[in-house]
Amino acid sequence: AAPQQAAAPPPPPVGIVEVKAEPVPIISELPGRIAPTRIAQVRPRVSGIVIARVFQQGSLVKEGDVLYRIDPEPFRVEVERSKATLQRAQATRLLAQQQSDRVEQLRERNVASPQQLDSAVATLAQADADVASARAGLAAAELNLKYADITAPINGRIGRALITEGALVAANGAEALATIQQLDPIYADFTQSATDLIRLRRAMQAGAVTPDKQDEAAVKLLMDDGSAYPHAGRLLFSEATVDAGTGQVTLRGEFPNPNGDLL
């Protein structure tokens, strides 16, 4: 019996595993499209002939940069005409003021009648109105002259020129001269099933899913070739309406785009 007991195998080792609770993120892969944060169409505010295109197509422009120039000569002539109209109105007003003062002095000596005084005062008031109207006309003419230089309304990257020099543009024209898009930061619009979104919200209300400390979902981009975009984004909001045709809800994320990789 002793040799048999010596040949018995030793007891197998027992491993111990400690179980810990750890957060597990919920990851949803959704299709998305890139959208600019701001987009503006360059349009003329006055009508005229385009004499110059100043910008380089596809370049970065700043707000206030001159993009096109419309022939300014008709607007300069209008400014000079408005100045002459203002000077004439001011001269008429000066004469009305002198006549009103003279009639008022005569009225104090009972030489002029009350009707003459009232007429002089009314003539002076009309002259004041003519001066104000002439000043407004001059301001409008100077504004039109300023609008002969078509400037960029926002900062961003400008696309191709849609017109060339010599084209006639109108202030109420339907066609834009160019388009400017602001691409840094940039938006990414995703679509998610409304059913999945409601299920996730119910799980959060029941306590099965807990939001992180920032109460904000982390958003990452995967390019068409499967590579990861190096900059992380943040979820801005989700639409309050569901697309009736697809049953999808749109979510919008914001990403930095310092190198212009996202278009």
Side-chain angles (χ1 to χ4, degrees), residues 38-57 59-108 112-156 158-182:
R38 299 173 70 190
I39 183 170
Q41 293 182 338
V42 179
R43 295 182 180 274
R45 296 190 178 184
V46 292
S47 302
I49 301 295
V50 176
I51 60 175
R53 174 177 63 83
V54 182
F55 69 94
Q56 184 73 25
Q57 301 180 84
S59 63
L60 293 174
V61 296
K62 295 182 179 181
E63 181 180 353
D65 288 351
V66 178
L67 305 178
Y68 291 94
R69 285 193 172 95
I70 297 176
D71 185 9
E73 292 306 320
F75 306 107
R76 288 198 182 102
V77 173
E78 189 62 30
V79 169
E80 296 300 326
R81 182 184 295 110
S82 299
K83 288 181 179 179
T85 302
L86 176 60
Q87 292 175 355
R88 183 171 62 252
Q90 289 174 340
T92 303
R93 194 261 178 202
L94 178 61
L95 179 60
Q97 181 69 56
Q98 293 173 350
Q99 291 178 350
S100 177
D101 294 341
R102 188 179 303 110
V103 173
E104 186 176 358
Q105 294 174 0
L106 294 176
R107 177 58 186 164
E108 291 176 356
S113 63
Q115 183 178 2
Q116 290 176 330
L117 179 60
D118 294 342
S119 178
V121 172
T123 302
L124 177 59
Q126 183 177 357
D128 289 337
D130 292 339
V131 171
S133 177
R135 285 176 177 168
L138 176 59
E142 291 175 343
L143 190 61
N144 289 335
L145 178 59
K146 177 183 177 182
Y147 287 157
D149 288 341
I150 303 175
T151 58
I154 62 173
N155 300 335
I158 192 168
R160 60 188 179 92
L162 301 178
I163 65 167
T164 59
E165 295 82 354
L168 174 63
V169 295
N172 55 353
E175 183 178 3
L177 310 185
T179 302
I180 301 175
Q181 300 184 47
Q182 197 170 88

Taking every heavy atom of S82 against every heavy atom of L138, the minimum-distance pair comes out as CB-CA, 3.6 Å

Indicate yes or no: at least one non-hydrogen side-chain atom of Q182 is less than 4.5 angstrom from one of I39. no

Apply side chain to side chain contact (heavy atoms under 4.5 Å, CB included) to residues E78 and N144 and explain how you reach the verdict. CA-CA 9 Å; E78 189 62 30; N144 289 335; 5.9 Å; no

By salt bridge (charged side-chain N to carboxylate O under 4.0 Å, His left out), R53 pairs with (sequence neighbours left out) none

With I70 as partner, the option from L145, I51, V169 fulfilling side-chain contact (heavy atoms from CB on, under 4.5 Å) is V169

Check: Got Q41 and T179 here, is their nearest side-chain heavy-atom distance under 4.5 Å?
Finding: yes

In short, L86 meets A134 closest at the heavy-atom pair CA-CB, 3.5 Å

Scanning both residues in full, the closest heavy-atom pair of A178 with Y68 reads CB-OH, 4.4 Å

Can you confirm whether more than 12 heavy atoms, excluding those of Q57, are under 6.0 Å from its CD atom? yes

Smallest heavy-atom separation, V61 atom then L67 atom, equals CG1-CD2, 4.2 Å

Using side-chain heavy atoms (C-beta onward) and a distance below 4.5 Å, is L168 in contact with I49?
yes

Interatomic distance, CD@E165 vs CD1@I163, rounded to 0.5 Å, equals 8.5 Å

Rounding to 0.5 Å, atoms NZ (K83) and CD (E142) come to a distance of 6.5 Å

Sorted by chain and residue number, the side chain to side chain donor-acceptor pair (under 3.5 Å) partners of Q126 (sequence neighbours excluded) come out as none

Notebook entry, point to check: Can any side-chain N or O of R43 pair as donor or acceptor with the backbone N or O of A174 at less than 3.5 Å?
Noted result: yes

For S47, the side-chain contact (heavy atoms from CB on, under 4.5 Å) test, sequence neighbours excluded, returns A170, A171

**Item:** Steps toward side chain to side chain contact (heavy atoms under 4.5 Å, CB included) verdict (R69, V54)
**Value:** CA-CA 8 Å; R69 285 193 172 95; V54 182; 3.4 Å; yes

Output for pair (R88 CZ, Q90 CD), nearest 0.5 Å, gives 11.5 Å

For S100 and V121 the tightest heavy-atom approach is OG-CG2, 4.2 Å

Minimal heavy-atom distance between P74 and D71, with the atoms involved, is CD-O, 3.6 Å

In this structure, CD1 of I180 is separated from NZ of K62 (nearest 0.5 Å) by 13.5 Å

So CZ of F55 and OG1 of T151: to nearest 0.5 Å the spacing works out to 13.0 Å

In this structure, CD of Q97 is separated from CG of L124 (nearest 0.5 Å) by 4.5 Å

